[in-house]
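Each chain gets a letter, A, B and so on, in the order the sequences are listed, and its residues count up from 1.
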Protein chains: 2
Amino acid sequence: MVDRSPTLRAQRRAETQRSIQAHAVRLFTERGYDATTVTDVAGAAGVSPMTVYRHFPTKEDLVLVDRHGPLVAERVAASPAAQPLVRRIGDALVDSARTLTGGARGHDSPEERFLLARLRLMIATPALRAKHLDAHYALQQAIVEALGDDGADPDAAFRTRAAASACLAAMHTALVRWAEDDGRTELPDLIAHALAAAFGGGTGD
Amino acid sequence: MVDRSPTLRAQRRAETQRSIQAHAVRLFTERGYDATTVTDVAGAAGVSPMTVYRHFPTKEDLVLVDRHGPLVAERVAASPAAQPLVRRIGDALVDSARTLTGGARGHDSPEERFLLARLRLMIATPALRAKHLDAHYALQQAIVEALGDDGADPDAAFRTRAAASACLAAMHTALVRWAEDDGRTELPDLIAHALAAAFGGGTGD
DNA sequence: ACCAATGTGGTAGTCACTCTCACCACGGTA
DNA sequence: TACCGTGGTGAGAGTGACTACCACATTGGT
């Protein structure tokens, strides 16, 4: 027999992980991030504080949004190499945001709303701001690798890194604005606007 | 009555503050940031842990470099308004770096070396990376205010913020490279290079 | 039915950081 | 000189994030 099943044990593990994060985000939005202890989260999820740390290395990771990486990397790699770097990266960021927020408004799946709740929590909570900025580091690395500027020429990697971090910073400005507007504005459009403001009018369609 | 004298009391306060930070930076560079406790720093400076927290709200603030703000703001405000935003901000960043690192090499004052030690510590220590990125937030705000885009048009402020954060992110890439190279490269030149990579060749002289 | 792997809980501990109370040197005033 | 108010400091207890070590139980393969 080929072991096709997700081993049922892994299923349980994934389920508790999902449960912990769901309860965490709920409590954070209800009481606030600082006012909620890890023990509270553990209690709400019906597990011990230990288990929380087994699944999420830090309290901040309970909110961290990590799905951008592969998506952005894929888009960047697929973008036409003739375009300037910031254009390629900028378009990838806008496209990814469009995908993650569900393209046009209308079909807000629960999963999608959960994603946006985490994102807004991350941006609106001062204690998480630094971590969120730091998270863009991983994204930057993913972009550099996707563009293949990683190995040979260190200067090419440096310049790619500079362009990527600049694009991500502009995007972050858009995220902050989006969180402040309480989501009334369309995130992809805001990102395109921020990129245009930083790199000139040609980046966001 | 306005108390005009430095009051000798304030002098003592400033002195202990200087002493605490000096011992902190020394211990951090010797043993590493994580391996040094606040109690260690307090002991080395001959004060109680309480006193450390009275002067520096967090352990991270013992290393934080805060002098860029006013300097960059001043340069940005003085730059010609005809230039595009990223050019004005970029030039201000390069000029400020040149000033803070002592222009040409040669006259490394003790104070200046201390500044650079803190800066390198800040960048090379993973635990401080997030804080350092977060510190650019204050810089970004200073730039927005210096450009006077703060009040009337919210969109102008947004675009300025996007441009400023993008410039700062590019600069941060240069800082990382500089720290990795152990200071062998000239910081202002690296910043100019990073800005050029992100915004096109016209930004760094 | 056995055994190893793995997810989990408990306890104790470290460290950053806060709060509260008391001390005392410094500052101006009588 | 004597007198207080202010402000920098110290000591202690306490909270919360996070870790290390050990024990227990369930799962998965033999």
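By the side chain to side chain contact (heavy atoms under 4.5 Å, CB included) test, A:R54 pairs with A:M50, sequence neighbours left out. Every residue two or more places apart in sequence or in another chain was checked for a salt bridge (charged side-chain N to carboxylate O under 4.0 Å, His left out) with A:D34, and none qualifies. Considering only residues two or more places apart in sequence or on other chains, A:T16 meets the side chain to side chain contact (heavy atoms under 4.5 Å, CB included) condition with A:H55. By the side chain to side chain contact (heavy atoms under 4.5 Å, CB included) test, B:E74 pairs with B:L71, sequence neighbours left out. Partners of B:D153 under the side chain to side chain contact (heavy atoms under 4.5 Å, CB included) rule, at least two apart in sequence or in another chain, are B:D155, B:A156. The side chain to side chain donor-acceptor pair (under 3.5 Å) test applied to A:T39 returns no partner, not counting sequence neighbours.
Atom OH of A:Y53 and atom P of C:dT8 are 16 Å apart (whole Å). If you take CG of A:D61 and P of D:dA17, they are 14 Å apart, rounded to a whole angstrom. Atom CD of B:E15 is separated from atom C1' of C:dA25 by 17 Å (rounded to the nearest Å).
Phosphate contact (OP1/OP2 of C:dT8, side-chain N/O of A:T16, threshold under 4.0 Å): present. Side-chain N/O atoms of B:H55 include none lying less than 4.0 angstrom from OP1 or OP2 on D:dG8.
Among D:dC18, D:dG8, C:dT8, the nucleotide with an atom closest to any side-chain atom of B:R13 is D:dG8. Side-chain atoms of B:R54 lie closest to D:dG10 of the nucleotides C:dT18, D:dG10, D:dT27.
Less than 4.0 Å separates DNA chain C from at least one heavy atom of each of the following residues of residues 19-37 of chain B: B:T36, B:T37. Proximity of residues 40-50 of chain A to DNA chain C (heavy atom under 4.0 angstrom from any strand atom) is restricted to A:V47, A:S48, A:M50.
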Side chain to side chain contact (heavy atoms under 4.5 Å, CB included) for B:M171 and B:C167? Distances and angles first, verdict last.
CA-CA 6 Å; B:M171 181 186 75; B:C167 289; over 6 Å; no
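Of the possible polar contacts, one joining the B:S96 side chain to the B:A92 backbone as a donor-acceptor pair under 3.5 Å is found.
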Pairs of donor and acceptor atoms involving the side chains of residues 136-147 of chain A, under 3.5 Å and at least two apart or interchain, shall be tabulated with distances.
| residue | atom | partner | partner atom | Å |
| --- | --- | --- | --- | --- |
| A:Q141 | OE1 | A:R161 | NH1 | 2.8 |
| A:Q141 | NE2 | A:E145 | OE2 | 3.1 |

For nucleotides 2-6 of chain D, give me every protein contact, N/O to N/O, under 3.5 Å, one pair per line with atom names.
| residue | atom | partner | partner atom | Å |
| --- | --- | --- | --- | --- |
| D:dT6 | O2 | B:R9 | NH1 | 3.3 |
| D:dT6 | O2 | B:R9 | NH2 | 3.2 |

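Position along DNA chain C of the nearest nucleotide to B:R12 versus B:K59 favours B:K59 as the more 5'-ward residue.
Residue contacts for B:T39: at a heavy-atom cut-off of 4.0 Å it reaches no nucleic acid atom on any strand shown.
For residues 56-73 of chain B, the pairs satisfying side-chain hydrogen bond (donor to acceptor under 3.5 Å, both in side chains) are B:T58-B:D61, with sequence neighbours left out. For residues 119-131 of chain A, the set of pairs meeting the side-chain hydrogen bond (donor to acceptor under 3.5 Å, both in side chains) definition, not counting sequence neighbours, comprises A:R129-B:D134.
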